[in-house]
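FYI, side chains are in, hydrogens and waters are out, and symmetry mates aren't considered; it's all heavy atoms of this structure.
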Amino acid sequence: KTLLLVVDEIEVLPAEILSTLQVAGDAGVRLFLMGTPEGKERVADLRGTLDSRLRYYEGIEPFGPKDVAEYVARSLAYFREEDPGDADATDLFTPAAIADVHERTGGNPRAVRLECRELFTRAAFVWYRTGQPADRIQITPELRHRRFGMER
């Protein structure tokens, strides 16, 4: 298994954490550092040895609905330890939910990730509370607006 660590807003990350991130990366943790171009420069200035180990992707275009569906499908495949080539987002997210995520986020990759995480969490709560088999749970746009009580 590979441990993934997502660090957002690297432009405000405390400098003392950068050496820890470097050690984690050297130990095999896959690092995803996200932020502004200023954050990229700051990492290079503060910890050049970490910067030399990074690959930068700049100007990521907004996701379209098809990209959102692929993101969901690949995320599910990863967590299920399945081949991402066989992944299908519609076994958990309905097409309407994919369209809703796209519309709600404007396709911003960071916002897509956060919105999907929120919906995954809500689906897990529904699964836990209802006791239904996991393959019967579907994420719909309405799930985003449901209120959940914590009492049984």
Side-chain angles (χ1 to χ4, degrees), residues 1-14 16-37 39-40 43 50 53-152:
K1 296 195 180 208
T2 302
L3 181 62
L4 305 177
L5 178 61
V6 179
V7 180
D8 202 357
E9 297 184 356
I10 60 173
E11 58 276 4
V12 295
L13 191 68
E16 55 273 8
I17 292 178
L18 293 175
S19 64
T20 304
L21 288 176
Q22 184 170 327
V23 170
D26 290 346
V29 173
R30 292 191 79 187
L31 303 173
F32 292 89
L33 309 179
M34 296 180 289
T36 64
K40 173 185 167 186
V43 168
L50 173 61
R53 293 167 168 84
L54 301 176
R55 277 183 278 158
Y56 292 98
Y57 299 93
E58 296 180 12
I60 298 173
E61 296 297 317
F63 288 174
K66 191 173 184 177
D67 300 314
V68 173
E70 181 179 351
Y71 170 78
V72 169
R74 288 181 177 276
S75 296
L76 290 173
Y78 176 79
F79 288 112
R80 293 174 177 167
E81 298 181 343
E82 298 171 351
D83 179 3
D86 299 334
D88 180 15
T90 58
D91 66 342
L92 182 60
F93 278 64
T94 64
I98 297 289
D100 186 60
V101 167
H102 178 260
E103 182 180 321
R104 185 177 292 288
T105 64
N108 176 292
R110 178 183 293 148
V112 167
R113 178 179 57 81
L114 294 173
E115 184 69 18
C116 287
R117 184 181 68 191
E118 173 68 18
L119 291 170
F120 283 134
T121 302
R122 287 174 169 270
F125 188 78
V126 169
W127 168 78
Y128 174 76
R129 296 289 285 168
T130 64
Q132 292 191 33
D135 61 348
R136 300 242 2 236
I137 303 297
Q138 286 236 289
I139 292 177
T140 65
E142 293 76 25
L143 182 63
R144 183 73 177 90
H145 304 291
R146 283 190 61 188
R147 299 215 181 264
F148 298 106
M150 296 305 285
E151 294 179 20
R152 217 160 210 231

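Here the side chains of Glu115 and Val68 are not in contact, with every heavy-atom distance at 4.5 Å or above. Side chains of Val6 and Arg113 form a contact here, defined as non-hydrogen atoms less than 4.5 Å apart. Put simply, the side chain of Leu143 reaches to within 4.5 Å of the side chain of Thr140, judged on heavy atoms. In this structure the side chain of Val43 never reaches within 4.5 angstrom of the side chain of Leu13, judged on heavy atoms.
Once rounded to the nearest 0.5 Å, the distance linking CZ of Arg122 with CZ of Arg144 reads 5.5 Å. One distance of note links CG of Asp100 with CG of Leu119; it measures 8.0 Å at 0.5 Å rounding. Atoms CG and CD, on Leu33 and Glu9 in that order, are 13.0 Å from each other to the nearest 0.5 Å. Atom CG of Leu4 and atom CZ of Arg30 lie 6.5 Å apart (nearest 0.5 Å). Between the CG atom in Leu92 and the CD atom in Gln138 there is a gap of 7.0 Å [rounded to 0.5 Å].
The shortest non-hydrogen separation linking Pro62 to Pro109 is CA-CD, 4.5 Å. Gln132 and Ile137 make their closest contact through CB-CD1, 4.3 Å (heavy atoms, listed as atom of the first residue, atom of the second, distance). Across every non-hydrogen atom of Trp127 and Pro133, the tightest pair is CD1-C, 4.0 Å. Shortest non-hydrogen contact noted between Phe120 and Ile139 is N-CD1, 4.2 Å. Ile98 approaches Ala69 most closely through the heavy-atom pair CD1-CA, 3.8 Å. Heavy-atom minimum distance, Leu21 versus Leu31: O-CD1, 3.3 Å.
Few gaps surround CD on Glu118; more than 12 heavy atoms of other groups in view lie less than 6.0 Å from it.
Judged by distance alone, the side chain of Asn108 and the main-chain N or O of Thr105 form no donor-acceptor pair under 3.5 Å.
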